[in-house]
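These notes concern the structure reproduced below.
Being a predicted model, the structure only gives us computed values, none of them experimental.
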Amino acid sequence: PKTILADEPTGNLDSKSGRKILEILKGLNQKGLTVIVITHDQEIAKIAKRIIIIKDGKIVKDAKND
């Protein structure tokens with residue numbers, strides 16, 4: 001696929017498995033795939049290139065993550 005949608009991809013995993021999944025997703029993104037991760041976990045959001053925060057169905061923040 002050209003795009004991967006991952007809704008809470010680490011939600012039911014132990015921390016070690018969660019890190020592995022995030023590394024896989026990061027590697028796929030580096031190979032050119034678009035990876036969209038939906039999460040409530042701020043630590044996971046920190047590794048994203050771009051963060052879009054949605055509240056009550058509206059975008060309240062859309063920023064590149066340095």
Side-chain angles (χ1 to χ4, degrees):
K2 294 181 183 180
T3 303
I4 295 175
L5 179 61
D7 186 3
E8 297 287 357
T10 63
N12 291 321
L13 302 176
D14 60 86
S15 59
K16 183 178 178 182
S17 297
R19 282 191 302 274
K20 286 182 182 180
I21 293 298
L22 293 174
E23 287 300 318
I24 290 168
L25 293 173
K26 192 174 180 179
L28 291 169
N29 179 249
Q30 289 171 344
K31 290 181 180 180
L33 277 74
T34 298
V35 178
I36 300 170
V37 176
I38 295 90
T39 186
H40 292 92
D41 187 329
Q42 295 299 316
E43 294 302 312
I44 292 173
K46 287 180 184 179
I47 68 168
K49 292 180 182 178
R50 180 178 175 194
I51 298 175
I52 300 172
I53 298 175
I54 300 172
K55 184 173 182 174
D56 298 329
K58 295 182 182 180
I59 295 174
V60 295
K61 182 178 177 183
D62 183 351
K64 290 186 179 184
N65 196 14
D66 296 325

Apply side-chain contact (heavy atoms from CB on, under 4.5 Å) to residues Asn65 and Lys49 and explain how you reach the verdict. CA-CA 5 Å; Asn65 196 14; Lys49 292 180 182 178; 5.9 Å; no
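- Residues Ile47 and Leu22 are in side-chain contact: their nearest non-hydrogen atoms beyond the backbone lie under 4.5 Å apart.
- Note that CG of Leu25 is 11.5 Å distant from CD of Gln30, once rounded to the nearest 0.5 Å.
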The test is side-chain contact (heavy atoms from CB on, under 4.5 Å); show your working for Arg19 and Glu23 and say whether it passes. CA-CA 6 Å; Arg19 282 191 302 274; Glu23 287 300 318; 5.5 Å; no
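- Proximity of Asp62 to Ile53: side-chain heavy atoms (C-beta onward) are nowhere separated by under 4.5 Å.
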Kindly determine whether Ile38 and Leu5 satisfy side-chain contact (heavy atoms from CB on, under 4.5 Å), including the steps that lead there. CA-CA 8 Å; Ile38 295 90; Leu5 179 61; 3.1 Å; yes
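- Rounding to the nearest 0.5 Å places NZ of Lys61 at 6.0 Å from CD1 of Ile51.
- The CD atom of Glu43 lies 12.5 Å from the OG atom of Ser15; values are rounded to the nearest 0.5 Å.
- In the hydrophobic cluster analysis, where Ile, Leu, Val, Met, Phe, Trp and Tyr join through side-chain heavy atoms closer than 4.5 angstrom, Leu13 is grouped together with Leu28.
- Here Lys46 contributes atom NZ and Asp41 contributes atom CG; the two are 9.5 Å apart, rounded to the nearest 0.5 Å.
- Going from atom CD1 of Ile54 over to atom CD1 of Ile59 covers 5.5 Å, rounded to the nearest 0.5 Å.
- A heavy-atom distance below 4.5 Å is not found between the side chains of Ile4 and Ile36.
- Minimum interatomic distance between Asn29 and Leu33 (heavy atoms only, all atoms of both residues): ND2-O, 3.0 Å.
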